[in-house]
Amino acid sequence: MSIRVMTEVWDMGPEDRSELLVLLVLADYADDHGRCWPAIESIARKARMGERGVQKVLRRLEDSGWLSTQVGGGR
């Protein structure tokens with residue numbers, strides 16, 4: 001967990017509650033550089049959302065520039 005990344009999300013995160021919650025979950029998994037590799041299932045469980053809902057929120061966050069994703073390859 002990166003307190004630095006989590007603090008940035010709290011201070012400057014998106015207005016949308018679902019997007020904010022998913023970013024906070026990602027920050028909980030992140031290192032101090034903001035990198036993390038959680039499974040969709042893990043994000044959904046922590047955010048108390050469905051997996052499809054998480055996927056939609058992740059797409060919105062990526063489209064608006066809050067995050068970038070790399071599919072496959074693991075770490």
**Asked** Once you round to the nearest 0.5 Å, how far does NZ of Lys56 lie from CD of Glu19?
**Response**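 It is 13.5 Å, given to the nearest 0.5 Å.
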
**Request:** Spell out, yes or no, whether Leu21 and Leu61 are grouped together once hydrophobic residues are joined by side-chain heavy atoms under 4.5 Å, including indirect joins.
**Result:**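 Hydrophobic grouping puts Leu21 apart from Leu61.
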
**Asked** Same cluster for Ile3 and Met12 if Ile/Leu/Val/Met/Phe/Trp/Tyr side chains link at under 4.5 Å?
**Response**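 Unlinked, Ile3 and Met12 end up in two clusters.
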
Is [Y] close to [X] at the side-chain level, that is, under 4.5 Å between some pair of heavy atoms?
| X | Y | value |
| --- | --- | --- |
| Leu23 | Pro14 | yes |
| Leu24 | Trp10 | yes |
| Arg60 | Ser18 | yes |

**Message:** Donor-acceptor check, side chain of Arg17 to backbone of Glu15, threshold 3.5 angstrom: yes or no?
**Reply:**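 A pair under 3.5 Å: no.
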
**Message:** Please determine whether side-chain contact (heavy atoms from CB on, under 4.5 Å) holds for the pair Leu58 and Ile40, giving the CA-CA distance in whole Å, both sets of side-chain angles, and the decisive distance to 0.1 Å.
**Reply:** CA-CA 10 Å; Leu58 289 173; Ile40 296 294; 3.4 Å; yes

**Message:** Going by side chain to side chain contact (heavy atoms under 4.5 Å, CB included), Val22 matches just one of Val25, Leu20, Leu26. Which one?
**Reply:**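 That would be Leu26.
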
